[in-house]
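Taking it in order: structure first as structure tokens, then the write-up.
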Amino acid sequence: MKEYNHNKIEKKWQKFWDSEETYKTENKFKKKKYYVLDMFPYPSGAGLHVGHPRGYIGSDILARIRRMQGFNVLHPMGYDAFGLPAEQYAIEHNIHPRKAVEKNIKTFRGQFDKIGFSFDWSRQVNTTDPEYYKWTQWIFLQIYNSYYDLEQNKARPISELINKLEKTHRGWKELSEIEKEKILMEYRLAFEGFSEVNWCPKLGTVLANDEIVDDKDGNPVSERGGYPVEKKSMRQWFMRITAYADRLASDLEGLNWPQHIKEIQKNWIGVSHGSEIEFKTSIDRNIKVFTTRADTLFGVTYVVLSPEHTNIGEFIVQSSNMAEASKYIREAKEKSSKGDLTRDDKEKTGIELKGIKAINPANGEEVPVWIGDYVLASYGTGAVMAVPQHDERDREFSLKYNLPIIDRPLVDAKEITKKVGGKFVTKYKMRDAIFARQRYWGEPIPLRHDKNGLITPLKEKELPLKLPNVTGYEPTGTGESPLASVKAWVKEGYETNTMPGWAGSSWYFLRYMDPKNKKNFADKKNLEYWKDVDLYVGGQEHATGHLLYSRFWHKFLFDMGYVPTSEPFKNLKNQGLIMANDGRKMSKRWGNVINPDEIVKTYGADTLRVYEMFMGPFDETVAWSTESIIGSRRFIEKVWRIGEKVLENQKNVSLSLTLPRVRVGAHTLQKPSSDSLLKLLHKTIKKVTEDIEAMRFNTAISAMMILASEIEKEQGRTLDLQKDPTLSSEDYKKFLQILAPFAPHVAEDLWQNLNSQGRTLGSLKVRPFHSSIHLSKWPEWDEKLIIDEEVKIAVQINGKVRAEIEISIDMKDTDVFTLVENNESIKKWIDGHTIIKKIYVKGRLVNLVIS
RNA sequence: GCCCAGAUGGCGGAAUUGGUAGACGCGAUGGACUCAAAAUCCAUUGAUGGCAACAUCAUGAGAGUUCGAUUCUCUCUCUGGGCACCA
């Protein structure tokens, strides 16, 4: 018997698949398609650890079974290589980011190849490739040149808006280009604006909210380094994602995604339906408030404005405590470290605007007007009607400042809104997305600014606008992108901000459909054929980032008629994390990282794959245990041993034949499988098929382990007695086929050996080539074979199991009860008792309720 | 604080719509094979009592519904994740 040498076998077949192009996907438009996608990785310098492949193995198993089931499978891989870490790495190692990315991609590819994935590498994409980001820029321009038409509830070209404005607004034509631009900027789906950013002078960079922590005095500092952070207003590019808030929220319902991911997105979008109500005041200014509780309008005791409210100045100048109020606002702004978006949850403060009263439109009551830092300027109208009786925050504020709390009856929200002339509106927590980074390593934004500030988009033929080479990637220290110090760049008037990391990843799944297209981001025919992603596998950390942004872009492309579906990912599955042995996340910093290369070297890729799928449920967090891998390795070895024996037997039979025919082969001349083993085989085929489709890989493997053990036992018995296996090699091949998605190398090796043997005619060697097991037809199970006619059922007395009996599956319940009541071990329990109730659950159990 | 998910042997985990809790794997103990070791195979392995047949108790804690609850309901504890003054 040959030794199981995983290194030899795995290398051999990886080479074979590569040279045979086993996994190459053609656009066969007649064949039914299946698109299995992994979230493409960011190729970091650290390479893959053992946790990364988990999702890829799961999706690979799906890709393989679908291929065998006759689908035309698209299963691509690529790299999301723009972004801060590459730039950081470049600075630290003094190497151009492009070079660093190239190097890291090579490492990644090497690691991928060792694990035996069935990716079609001819479709690889790389977001930093100018041929790729040309289309990222192109999509940006489409978004820039569009607005959201509220009547049609979809995006339309900005030219349509201009037409409308020309017709309806006489003065439009007289406006200067700059003035027009200003107005249009209010509509464009990609627009320029200013925003307060978290500026860290020491790092010379802008930080995201989650990159900031509080130091021991409660002051905001950078997470990295602990340097002070301040606010700074900066020119930015934005994406008007809020235009899609409603559709992004409501379309979630139709998606087959994990419930909690949908929940996270829903909360993030934060839809609330309410009313906008105007309060007249004692000065010549109204205060518009937003409320979801118009029914509490009679309970209003004061009105509060945010310190950043747009009209705050006009109120302050008319108040009798103007100096005090201005001082309060200044302090409030300083206090809010992370911008008004997420003011720290400290104690609420406020100040009354003395001398100004607001009038409750419901009953004409005069109430005081306050400024309070618990009101956010960026949500609703930036002003709130306070009802301490029904709102906890208003109550807290009232208690602190000794404001009255009154109990008034509730009224109908709709009626009262109408009565006071309010409007029904929907508000969202979600903000427009900032679409600019003051960084080098990102897609250049394809726009020109002229001296007067007029913006012109680049023409399509000018794309891609390639990143220029620079001498240094360090932040400029002024907050501007390193591109601002490239003379030629600035001379052309090119935008110096680059796109954020999520730009390239918002549409890459479309590029895989037609990755080499030079005329379009993808050809229409391909887009219509591959349509959308049937299964998307990735981590749940992208719930509010990538998964939301790509839905947004996709909806935009759908509105404009570029893609055939309004949602990109029909089904989504999240793989769970693999923690280290010590229960912590795998990280260089804890020194607990396990490299898959080492596992592959010692145990083999097939073992790694089986183990990672066997560890636990696919979507749950599990801890790595190198100790436990051995179980998966033993299983593979068992499969190997069985295979070697099948091969041996086949050889014996074929030797005894005088004139074997090539096509018939030895196996068909063997005895059919024994009943029980055949039955088990078919049950296993069913279980594995169904489990893979539901991504219950752990139980699928468990079922195959049971089958393998049974086969080996049977082999042992029959070989010892009569040298005649009871499992035909045809049946054994079916087992190999269902194992193939999990352990593609061993399965292929044994499959090829079994197939090529029958083709050897004495000294006449037939070319030992057979089509791959991975392109063979997935075995079917025989429903008739699976049914158990005799079943063991439990007999319970008052819910406690007292005996077990064997009955035929279609026995009538009365007969079953008779059998049970005459059973010796049951008799002793029912003697002297009366049977109150008899329950028979078909094929499962009998329960007798006795007094 | 609010929202979501989860808790089962020494460990990872199984358990169709409520129906024999602990499949499968790791580890452990004993045995076979071997000069020996490795590998492999066999047996045992939730707890307690008993020589045993067997009995009792067990799915984070407590209650409830039910003939029957790991599964459904309520309360609580802990763990993981999300949001964090969104009116």
Side-chain angles (χ1 to χ4, degrees), chain A residues 3 209 258-268 270-272 274-275 289-294 296 304 306 341-348 372-376 378-387 390-394 396-397 427-431 540-541 543-544 574 576-577 579 610-611 614-617 619-632 634-635 637-638 641 690 696 698-706 709 712-713 716 792-804 825 835-850:
Chain A
E3 274 290 297
N209 280 341
Q259 198 50 48
H260 74 279
I261 299 284
K262 292 209 248 180
E263 205 71 40
I264 291 171
Q265 283 209 357
K266 213 174 120 191
N267 290 342
W268 182 264
V271 181
S272 10
S275 316
V289 301
F290 171 70
T291 179
T292 54
R293 295 294 308 273
T296 63
V304 213
S306 161
L341 306 179
T342 55
R343 207 189 301 280
D344 293 356
D345 192 4
K346 285 173 190 154
E347 206 185 331
K348 300 173 182 37
D373 65 354
Y374 75 102
V375 179
L376 304 175
S378 47
Y379 184 76
T381 59
V384 163
M385 59 180 223
V387 188
H390 293 282
D391 187 284
E392 234 178 273
R393 293 152 304 181
D394 297 341
E396 195 189 318
F397 195 77
K427 299 282 179 190
Y428 309 96
K429 277 195 226 179
M430 186 172 63
R431 314 292 157 101
Q540 63 155 7
E541 66 273 18
T544 56
N574 298 122
L577 285 176
M579 308 297 269
V610 167
Y611 175 62
F614 183 64
M615 290 174 86
D619 50 8
E620 268 170 40
T621 301
V622 282
W624 180 263
S625 159
T626 302
E627 206 181 39
S628 301
I629 298 175
I630 192 69
S632 301
R634 284 178 190 149
F635 167 60
E637 281 173 0
K638 186 175 285 187
R641 281 199 307 272
E690 289 172 354
R696 291 187 300 250
N698 53 336
T699 50
I701 291 167
S702 154
M704 289 189 287
M705 283 173 167
I706 294 170
S709 298
E712 192 170 48
K713 269 187 213 161
K792 270 187 190 154
I793 63 162
V795 183
Q796 297 183 335
I797 306 291
N798 285 350
K800 282 192 179 163
V801 182
R802 297 302 181 189
E804 204 174 58
S825 48
I835 298 171
I836 300 164
K837 200 171 174 183
K838 301 176 193 177
I839 295 144
Y840 172 53
V841 183
K842 197 181 172 191
R844 293 219 172 257
L845 57 72
V846 166
N847 190 13
L848 301 180
V849 185
I850 59 169

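Hydrogens, waters and symmetry mates are skipped; everything else that's a heavy atom, side chains included, is used.
Residues forming a side-chain hydrogen bond (donor to acceptor under 3.5 Å, both in side chains) with Ser702(A) (at least two apart in sequence, or on another chain): none. Taking the side chain to side chain contact (heavy atoms under 4.5 Å, CB included) definition, one finds that Leu577(A) meets it with Met579(A), Lys585(A), Thr621(A), sequence neighbours left out. Not counting sequence neighbours, the partners of Tyr379(A) by the side-chain hydrogen bond (donor to acceptor under 3.5 Å, both in side chains) test are Ser272(A). Qualifying side chain to side chain contact (heavy atoms under 4.5 Å, CB included) partners for Gln540(A), counting only residues two or more places apart in sequence or in other chains: His260(A), Ile261(A), Asn574(A). Among residues two or more places apart in sequence or in another chain, the side-chain hydrogen bond (donor to acceptor under 3.5 Å, both in side chains) test is passed with Lys262(A) by none. In this structure, the side chain to side chain contact (heavy atoms under 4.5 Å, CB included) partners of Lys800(A), at least two apart in sequence or on a different chain, are Arg802(A). The ring pair (Phe, Tyr, Trp, His ring centres under 6.0 Å) search around Phe397(A) returns Tyr302(A), Trp370(A), Tyr374(A), Tyr401(A), not counting sequence neighbours. Partners of Ser275(A) by side-chain hydrogen bond (donor to acceptor under 3.5 Å, both in side chains), not counting sequence neighbours, listed by chain and number: Thr417(A).
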Can you pull every protein N or O that's under 3.5 Å from an N or O on nucleotides 54-59 of chain B?
from: rU56(B); atom 1: OP1; to: Arg802(A); atom 2: NH2; distance (Å): 3.4
from: rU56(B); atom 1: OP2; to: Arg802(A); atom 2: NH1; distance (Å): 3.1
from: rC57(B); atom 1: OP2; to: Lys800(A); atom 2: NZ; distance (Å): 3.2

For nucleotides 12-14 of chain B, which of its nitrogen or oxygen atoms have a protein nitrogen or oxygen under 3.5 Å away, and what is each distance?
from: rG12(B); atom 1: O2'; to: Met615(A); atom 2: O; distance (Å): 2.6
from: rA14(B); atom 1: OP1; to: Asn698(A); atom 2: ND2; distance (Å): 3.0

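At rA87(B), one or more side-chain N or O atoms of Ser272(A) fall inside 4.0 Å of OP1 or OP2 (strictly under the cut-off). Dashed line: the shortest gap from a side-chain N or O of Tyr374(A) to OP1 or OP2 of rA87(B) is not under 4.0 Å.
For Asp391(A) and rG1(B), the CG to P distance is 18 Å, given to the nearest whole Å. The interatomic distance linking Tyr379(A) (OH) with rA84(B) (C1') rounds to 14 Å, in whole Å.
rG19(B) and rU66(B): their C1' atoms are spaced 12 Å apart (whole Å). Here, rU8(B) and rA61(B) have their P atoms 10 Å apart, quoted to the whole Å.
Distances from the side chain of Ser702(A) to the nucleotides rA23(B), rU20(B), rA87(B) place rA23(B) closest. Distances were taken from every side-chain heavy atom of Glu627(A) (C-beta onward) to each of rC67(B), rG27(B), rG19(B); the shortest belongs to rG27(B).
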RNA chain B in dot-bracket form (Watson-Crick or G-U pairs under 3.5 Å, [ ] crossing, | inter-strand) is (((((((..(((......[....)))((((((.......))))))((((....))))..(((((..]....))))))))))))....
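Regarding the sugar-base torsion, rG9(B) falls in the syn class, its angle being within 90° of 0.
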Scoring nucleotides 38-50 of chain B by protein non-hydrogen atoms under 4.0 Å (B base, S sugar-phosphate only, - none) yields --SSS--------
